[in-house]
Number of protein chains: 2
Amino acid sequence: MNETASLTAMFKALGDPTRLLIFDFLRSCCCPVAVYDNGDVRQIIGPTVGEVCCHVTGADQINSTISHHLKELRLAGLITVERRGKNMVCRVNREAMTTLVSYLAKDGMEVDGIQCCQ
Amino acid sequence: MNETASLTAMFKALGDPTRLLIFDFLRSCCCPVAVYDNGDVRQIIGPTVGEVCCHVTGADQINSTISHHLKELRLAGLITVERRGKNMVCRVNREAMTTLVSYLAKDGMEVDGIQCCQ
DNA sequence: GTATCATTTCTATACTTCACGAAATATAGG
DNA sequence: CCTATATTTCGTGAAGTATAGAAATGATAC
């Protein structure tokens, strides 16, 4: 997959309200500090698919729609999903986010001291 | 439109290869320096719709599909389109880009000196 | 092995989007 | 006003996407 296709895939994946919500949740709750509070090693990694479902839908049941969205986010390279025992835990892929920021934040050419694309 | 909806709309608009190409083109060619080279004031602003069509499709004809994509980018707030005489000139909206970068680049909470969401 | 839990895949349906050509609109110039 | 130019809107068909329920898969526990 070339760079443009990769960027398109990532933007497309984030261009859905449900997926953006999932992405936001994963960014906010994959805090490594949690391990010091309750000793739960899983908290280092991230929430399970079930926890994502619970957060996004409000219901306490597995949702095939969420599974589908997680797959899209994963195929776009924005998150990783890894098995831990009975559960699948989700994490954001920081490298992909850096790619996005680099693309969006890159400035236009500078000529004669005048910044282009202002 | 709330913040999430606005972000979603922008990501969605960029999540199409044709629109990303248009967006890239607008970022690269709206250079204010051009006015010193040929005196063409229009160059300060940005390319016309026709020039965008020419660049994106390669053909020298107006394309309704490009017009449609420009509308999507405009509705998402990523670009502005403004009439200048017979032409409509296009510009990227730097403010929207800043919004996107701020969203993507924002870090997770920091607790006890440990950066979350690594 | 059997039961159970967690998650994915399959299938169907409703909906949205892309692309293209034709028609409509808006502006400038004579 | 008439014509040319520039661009948008409309209509259509093909393709893609979101959602939900049912069935299937994979892993653990007994």
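So you know, we letter chains A, B, ... as the sequences are listed, proteins then strands, and number each from 1. Just so you know, these numbers come straight off a predicted model, no measurement behind them.
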Heavy atoms under 4.0 Å, any strand shown: does R19(A) hit a base, just sugar-phosphate, or nothing?
-> sugar-phosphate
In whole angstrom, what separates R74(A)'s CZ from dT8(C)'s C1'?
-> 10 Å
Whole Å only: how far is the CD1 atom of I22(B) from the P atom of dT7(D)?
-> 13 Å
May I ask you to test the L78(B)-V92(B) pair for a side-chain heavy-atom distance under 4.5 Å?
-> no
Test: R84(B) and E82(B) ion pair at under 4.0 Å = yes
Closest to the 5' end of DNA chain D, once L70(B) and G85(A) are matched to their nearest nucleotides, is L70(B)
For H68(B), answer base if it contacts any base atom (sugar-phosphate contacts may also be present), sugar-phosphate if it contacts only those atoms, and nothing otherwise; contact means non-hydrogen atoms under 4.0 Å.
-> sugar-phosphate
Shortest non-hydrogen contact between V49(A) and C90(A), atoms and distance | CG2-SG, 4.0 Å
Looking only at dT9(C), dT7(C), dT19(D), the nucleotide nearest the M88(A) side chain is dT7(C)
Short side-chain N/O contact to dT19(D) OP1/OP2 from T18(A), under 4.0 Å = yes
Phosphate contact (dT8(C) OP1 or OP2) by S67(A) side-chain N/O below 4.0 Å | yes
Side chains of V81(B) and V89(B): closer than 4.5 Å at any heavy-atom pair?
-> no
Distance in angstrom units between L73(B) CG and dT17(C) C1', rounded | 14 Å
Which of these nucleotides, dC18(C), dA6(C), dA18(D), is closest to any side-chain atom of H69(B)?
-> dC18(C)
Closest non-hydrogen contact found for A96(A) with M10(A) is CB-SD, 3.7 Å
Side chain of K86(B) - closest among dT9(D), dA19(C), dA28(C) | dA28(C)
Can you check whether T65(A) has a side-chain N or O nearer than 4.0 Å to OP1 or OP2 of dA20(D)?
-> yes
Could you check which of dG26(D), dT9(D), dT16(C) has an atom nearest any side-chain atom of K12(B)?
-> dT16(C)
In whole angstrom, give the distance that lies between atom CZ of R83(B) and atom C1' of dA28(C).
-> 10 Å
Taking dT9(D), dC18(C), dT8(D) as options, the one with an atom nearest any side-chain atom of V81(B) is dT8(D)
Among the nucleotides dT7(D), dT9(D), dT7(C), whichever has the atom closest to the side chain of N87(A) is dT7(C)
Atom-pair distance (CG on L20(A); C1' on dA18(D)), nearest Å | 16 Å
How many Å lie between CD on E51(B) and C1' on dA6(D), as a whole number?
-> 12 Å
Heavy-atom distance under 4.5 Å between the side chains of F11(B) and Y103(B), does that happen here?
-> yes
What is the distance, rounded to the nearest whole Å, between atom CG of L75(A) and atom P of dA18(D)?
-> 12 Å
Between dC18(C), dC20(C), dT8(C), spot the one nearest the side chain of D16(B), thanks.
-> dC18(C)
Separation of N63(A) atom CG from dC5(C) atom C1', in whole Å?
-> 17 Å
